2 protein chains.
Amino acid sequence: MPDVDPPGWELPLLLFAGFRTLIDQLHESLAAHGHPDVRPVHGFAMQAIGVHGASISEVGRRLGVSKQAAGKTVDRLAALGYVERVDDPRDARSKLVRLTPRGLDSLRLAAEIFEALRADWVVQLGAERVRSLESSLRTVIPAAGYPVDVPGWFG
Amino acid sequence: MPDVDPPGWELPLLLFAGFRTLIDQLHESLAAHGHPDVRPVHGFAMQAIGVHGASISEVGRRLGVSKQAAGKTVDRLAALGYVERVDDPRDARSKLVRLTPRGLDSLRLAAEIFEALRADWVVQLGAERVRSLESSLRTVIPAAGYPVDVPGWFG
DNA sequence: TAGGATCGACAACGTGGTTGTCCAAACCGT
DNA sequence: ACGGTTTGGACAACCACGTTGTCGATCCTA
């Protein structure tokens, strides 16, 4: 006499709602700590740039988008002061995209906040259920990394 | 001696990857069954329209987007042959958006596919772990429904 | 050194959002 | 029954993010 299983269409909704909950809480907290203008897509892009910097093309490859799209995102990040372009001394074609101190700060903060958010889940669910959730998801998702072309992918 | 917990930033990635996996598999299957042009956002919009139809404004409210945005999405859905606009006999201002037989077919198919996808997860994880994942997520996400303005939200 | 690959810029376009404006129709309080 | 307010939908302008295609400059390699 177990309850009937929920309909299949609820699973993607729950996963998305969980994702969105975390991202919304992240950006709420980021906004409260001096980063009100950064959007979810910017966080992924800065992650792709990394602390050592990267070329536009490399950023595009890491995000799974064209280098043109990566270039535009870098432009906006630069306008917000999170990123700067410097000439690559080893390749006159290439410009290195580097995080500014502000960009590094936002990345550091985001890591802290994600840690706190996971800790919240542990409080609500218990450490075991959170680990179980993570391990279940690791089982069902393909090994390959996921492109982060969310807006284009979805719409 | 439990393993160290994964970093907090992995949780949103896993949730998103799970969501994306399901949606990608859905649309792969949909494409193989005569619906190659429908995009994720269209499925959510058709869900919002529902089998009984709805006005543009109502669709916008259900999706959590402006009525203008809802109108544009309905336009594209209409161009693809999934919905039609008919005059609302009870309100001369309003036009009722209704699913065409093709639209209804895609909705019925999507429900079947989501059911099969969940069954796949049950095969991989066991019924109990899938139920546990669903119940964990229900615990941590806010009760309120989630807007489906994904592209605009993310970018 | 010549040919091919790669880097980044520019342009044009599609799609999904937003605001603001507008008019016609519906609703509601006097 | 009328007049003010709310609502439905269309139109326009704009922004963000993605796509292709093109191009000159630079690098690598046969």
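For clarity, every value in this text was computed on a predicted model and none was experimentally measured.
- The residue A:V148 sits close only to the backbone: its heavy atoms come under 4.0 Å of sugar-phosphate atoms, none of a base.
- When DNA chain C is scanned 5' to 3' for any atom under 4.0 Å from a heavy atom of chain B, the first and last hits are C:dT15 to C:dA26.
- Electrostatic pairing of B:R118 and A:D5 counts as a salt bridge here, judged by a charged N lying under 4.0 Å from a carboxylate O.
- The minimum heavy-atom distance between B:V38 and B:H42, with the atom names listed, is CG2-CB, 3.5 Å.
- The CZ atom of A:R39 sits 7 Å away from the P atom of D:dC17 (whole-angstrom rounding).
- Under 4.0 Å is where a charged nitrogen must lie from a carboxylate oxygen, and between A:E10 and B:R138 at least one such pair does.
- Remark: the backbone N or O of A:K95 is not paired with any side-chain donor or acceptor of A:R85 at under 3.5 angstrom.
- B:D105 and B:H35 are linked by a side-chain donor-acceptor pair at a separation below 3.5 angstrom, with hydrogens and angles left out of the test.
- A salt bridge is absent between A:E134 and A:R131; no separation between the charged side-chain nitrogens and carboxylate oxygens falls under 4.0 Å.
- For residues 64-93 of chain A, proximity to DNA chain D is found at A:V65, A:S66, A:Q68, A:A69, A:K72, A:T73, A:R76, A:D91, A:A92, A:R93, defined as any non-hydrogen atom under 4.0 angstrom from a strand atom.
- Nearest-nucleotide positions on DNA chain C for B:P151 and A:E58 put A:E58 closer to the 5' end.
- Shown here for A:G155 and B:V41, the closest heavy-atom pair between the two residues is CA-CG1, 3.9 Å.
- Looking only at atom types and distance, the side chain of B:R129 has a donor-acceptor partner in the side chain of A:S135 under 3.5 Å away.
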